Undergrad: 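Here it is, the structure in full.
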Number of protein chains: 2
Amino acid sequence: MNIGGKAATLADVAALAGVSQQTVSRVVNNQGPVAARTRVRVMEAVGQLNYVPNRLAQGLARQRSQSIGFATNDISLHAPSQLTSAIEGAARSAGLSLIVSIVPGYGLGNVTQAVRALKERQVDGVLINASLSSADAEEVARRFSDVPCVFMDVPPGAAVNAALLDQYHGAVLAARHLVELGHTRIACIHAPEGAVAEHSRMQGWQDVLREHGLVLVAQEEGDWSPASGYRAAVALLASGLSFTGLLVGNDQMAVGVLRALWERGLNVPGDISVIGYDDTAESALLIPPLTTVRQDFPVLGRRAFGHLGALLDDHDPQTTTLTRPELVVRASTAPPRSGEHVRLQEALQLLQRHVREGPGHPPLAQQERPGER
Amino acid sequence: MNIGGKAATLADVAALAGVSQQTVSRVVNNQGPVAARTRVRVMEAVGQLNYVPNRLAQGLARQRSQSIGFATNDISLHAPSQLTSAIEGAARSAGLSLIVSIVPGYGLGNVTQAVRALKERQVDGVLINASLSSADAEEVARRFSDVPCVFMDVPPGAAVNAALLDQYHGAVLAARHLVELGHTRIACIHAPEGAVAEHSRMQGWQDVLREHGLVLVAQEEGDWSPASGYRAAVALLASGLSFTGLLVGNDQMAVGVLRALWERGLNVPGDISVIGYDDTAESALLIPPLTTVRQDFPVLGRRAFGHLGALLDDHDPQTTTLTRPELVVRASTAPPRSGEHVRLQEALQLLQRHVREGPGHPPLAQQERPGER
DNA sequence: TTGTTAAGCGCAAGAGTGATT
DNA sequence: TAATCACTCTTGCGCTTAACA
């Protein structure tokens, strides 16, 4: 177990096994011919000393660190955490380690700093999940031309290697869904301007509306968080502008939106249809279940890692892969109705519930006191 | 910009500046006396070659990699992602890199494997956020005695360095809250048995109930996910056992629980009070706002990192720090009431809403067609 | 076929060398 | 003469990769 003392090195193993360092190296790395008997002797020594190769030294000598870097926005948000999970999995099963470097805020400078930190560690490649304009992304790729970079949050047109979600397409799906339901007065809650993904989404929303001779009747900005979604929805309602459809930049903000609408007695989808983006684990279980655009982060993560792998193996694709999201229709969207309609429906629902809760189907709270029935 | 070619080394800088390698080293690391003029010349060369120190080589020479490892459960879950964010932040501002290694599943073997991968990279210390029994944690600490380990998900009694959340205390707060509201029939939805944190919580819940002469009337197991919370709640309801209070292992499962109850027309907190655990960003905005136990992950992350730092600086505390969660009372809990009471209340709310929606305060859906008014 | 010797990856730390006060 | 100061030389961290016996 080698308690306390320094870790065993190749030389230690060699000494114990009575062979040279390089023989041990061959055995450990399984390359080069080694006599079966020698191999056994070496393996025994390895086990005895609990030898663990020093990847730092290995990296220095091999000029390959067997690690990749992941520069990402705040990992406590939904998308980055899902991505990190997927990427770490892919990297681990390829024998690579993942070094995470969080990019604090937007902009070229922040990204450069994060990638530089990774480059110092001699990562073999970098995955960058931070919003960057085409020009900025190309600048980053230029500055770090000696380490393969795959971008994950840049415009599809950027001349860099990229593994992206087709945000534009997803937005089109969402907007089209509302339009096809018959909504004509549609508002949106989008993410911060700096976010490239968000730009594509706005574009998609607006293009669809324009196609149908419509425009966004109102818009508010959030910061991806549920609380910001709540605030934005409140602001939208306070503006006095009327709308029956609401496009929301992500599902977390939609949680806040649903709450704001509920608080004001507005029915979803009766009064207002709400559609989110992401399809988080919660989305199907919200009240009402959220119609949204599903992004498959595990697939994206594996695809991005694969892209990087191809770069490392010297194919130089310089391409962009787009992963298409899909629409998931649930109960938070429906054709628009008049206010009268809505209250009628509410009254009906109420009646229904009262009927259902009658003798035939007593609620739990009653069972607790059988004597009272 | 050094396009294409190999990265510049200390020697390259030294050659360009016309000094020795070691002088450059001194300048870069800001230690040892260097003439002002020489320093300037060196800095210029550094800038010109875009020199970035090689941390691998540095680590080899210094016997310190300036990186720490984080072995954690699936990072796509709430707690691990929040923790990762906090720890990365603390590490970055201390000039250390974070290497993440995900522990696939529970058990000593998985953790050992993950930590071994980190040790290979010569991390200066390891933070371990994976469930481990006292014995297993001690075994891990023994196996990796040459690298400081701080555990984050072990029983408080374990003889290892640990930075923990006081899960027991949090559970006590939750259970006590329900009991003090007057609930006597309480059920729970807990996390997988393997989870150490969960054991403490169950203990806390049960101890409080026992104190008051009560027992859990029913229990179901979930896997932290909203969907599992939904399933567990459905199973609980189907069991026919009656209860008015429901303790849930985390807020994500509580989302599914709220949905299941809503679907069946059960009022929260009227029919059933629900209390979660974590206080996620969504919790305050659920319908109804969730009463829960707040865990401060950023504080825990910083504290764990601080603990590791102390270990690295050779103080050997061998202690456990407990971070206390706090109760956040919102609208999902209330004193238990009879079924009659509940429906009366619902009717009142309905009336209230109709009054509110009258001429003085028209809902948005109406404003959209002013002609109709 | 097995094995060994030697050089070097990029850097840091200690001993050593001339200068300047 | 002695004491700095500014810098250089040398060695080695643990490993790999030729070239060689």
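All chains are named by letter (A, B, ...) in the order of the sequence lines, taking the proteins before the strands, and each is independently numbered beginning at 1. For clarity, every value in this text was computed on a predicted model and none was experimentally measured.
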Undergrad: Please name the pair of heavy atoms, one in B:Ala141 and one in B:Val160, separated by the smallest distance, quoted to 0.1 Å.
TA: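 It is CB-CG1, 4.1 Å.
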Undergrad: What does the list of N/O pairs under 3.5 Å between the protein and nucleotides 3-5 of chain D look like, with a distance for each?
TA:
none

Undergrad: Step by step, would you call A:Arg55 with A:Ser65 a side-chain hydrogen bond (donor to acceptor under 3.5 Å, both in side chains)?
TA: CA-CA 7 Å; A:Arg55 304 278 225 140; A:Ser65 68; over 6 Å; no
Undergrad: Can you find a side-chain donor-acceptor pair between B:Asp74 and A:Ser85 that sits under 3.5 Å?
TA: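 Judged by distance alone, the side chains do pair up.
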Undergrad: Return yes if a side-chain donor-acceptor contact under 3.5 Å exists between A:Thr323 and A:Arg303, otherwise no.
TA: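 A donor-acceptor contact under 3.5 Å links the two side chains.
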Undergrad: With a 4.0 Å cut-off, would you call A:Arg142 and A:Glu139 a salt bridge?
TA: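 Salt bridge: yes.
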Undergrad: Looking only at side chains, do A:Thr23 and A:Ser20 share a donor and an acceptor under 3.5 Å apart?
TA: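 Note: A:Thr23 and A:Ser20 side chains meet the donor-acceptor criterion.
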Undergrad: I'd like to know if A:Arg116 pairs up with A:Glu120 as an ion pair, taking the criterion as any Lys NZ or Arg NE/NH1/NH2 lying under 4.0 Å from an Asp or Glu carboxylate oxygen.
TA: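 Salt bridge: no.
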Undergrad: Could you run down nucleotides 14-21 of chain D 5' to 3' and tag each one B, S or - for protein heavy-atom contact under 4.0 Å?
TA: BBBB----
Undergrad: Over all heavy atoms of both residues, which pair between B:Ala197 and B:Asp153 is shortest? Give the atoms and the distance, please.
TA: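 Nearest pair, atom of B:Ala197 first, then B:Asp153: N-OD1, 3.4 Å.
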Undergrad: Do B:Asn161 and B:Thr320 get their side chains close enough for a donor-acceptor pair, meaning under 3.5 Å?
TA: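 Looking only at side-chain atoms, B:Thr320 and B:Asn161 do not form any donor-acceptor pair under 3.5 Å.
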Undergrad: Establish, from distance only, whether the side-chain atoms of A:Arg121 and B:Ser97 form a donor-acceptor pair under 3.5 Å.
TA: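 There is such a pair between these side chains.
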Undergrad: Does OP1 or OP2 of C:dT2 have a side-chain N or O of A:Thr23 closer than 4.0 Å?
TA: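 A:Thr23 to C:dT2 OP1/OP2: no side-chain N or O under 4.0 Å.
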Undergrad: How sharply is the helix from C:dT2-D:dA21 to C:dT21-D:dA2 bent, taking the axes over five pairs at either end and rounding to 10 degrees?
TA: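 Roughly 40° between the end axes, to the nearest 10°.
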